[in-house]
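Notes follow the structure.
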Amino acid sequence: MNIVQWGAIAVFGFSFLFRIYETLFTKVVFAEDGIHIHKGLFSKSEQFIPREKFENVQTQANVLQRLFGVQSITMETGEATSDVTLNL
């Protein structure tokens with residue numbers, strides 16, 4: 001195997017491990033006033049998006065997601081920095 005193949009395997013492995021980390025250490029709480037998103041294990045961050053800011057809410061589920069009973073929810077606000085996409 002050459003260096004390009006090892007690099008591709010390393011990038012794929014790192015992105016896979018990062019996705020697992022992100023899934024395990026992200027907590028989303030739906031409340032009456034909005035959405036609270038808690039992220040992180042060592043450096044924790046919290047984001048709050050008020051319910052009044054949502055302009056568009058879309059749900060999407062492909063065949064594999066429907067099989068496992070999950071879906072993707074995209075909530076758009078007027079600000080580009082607070083758009084949220086959740087995979088539930």
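Quick note: residue numbers are just sequence positions, from 1.
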Let me check something: any side-chain donor-acceptor pairs from residues 2-15 under 3.5 Å, sequence neighbours excluded? List them with distances.
| unit_1 | atom_1 | unit_2 | atom_2 | d |
| --- | --- | --- | --- | --- |
| Asn2 | OD1 | Val4 | N | 3.2 |
| Asn2 | OD1 | Gln5 | N | 3.0 |
| Gln5 | OE1 | Asn2 | N | 3.3 |
| Ser15 | OG | Val11 | O | 3.2 |
| Ser15 | OG | Phe12 | O | 2.9 |

Pairs of donor and acceptor atoms involving the side chains of residues 30-38, under 3.5 Å and at least two apart or interchain, shall be tabulated with distances.
none

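Residues forming a salt bridge (charged side-chain N to carboxylate O under 4.0 Å, His left out) with Glu55 (at least two apart in sequence, or on another chain): none. Under the side chain to side chain contact (heavy atoms under 4.5 Å, CB included) criterion, Leu64 pairs with Asn62, Leu67, Phe68, sequence neighbours left out. With sequence neighbours excluded, the residues satisfying side chain to side chain contact (heavy atoms under 4.5 Å, CB included) with Leu41 are Tyr21, Phe25.
At a threshold of 4.5 Å between side-chain heavy atoms, the hydrophobic network of Ile, Leu, Val, Met, Phe, Trp and Tyr places Phe54 and Phe48 in two separate groups. In terms of hydrophobic clustering, with Ile, Leu, Val, Met, Phe, Trp and Tyr side chains grouped at heavy-atom distances under 4.5 Å, Ile20 and Phe42 are assigned to a common cluster.
Using a 3.5 Å distance cut-off with no hydrogens or angles, the side chains of Gln60 and Thr74 do not pair a donor with an acceptor.
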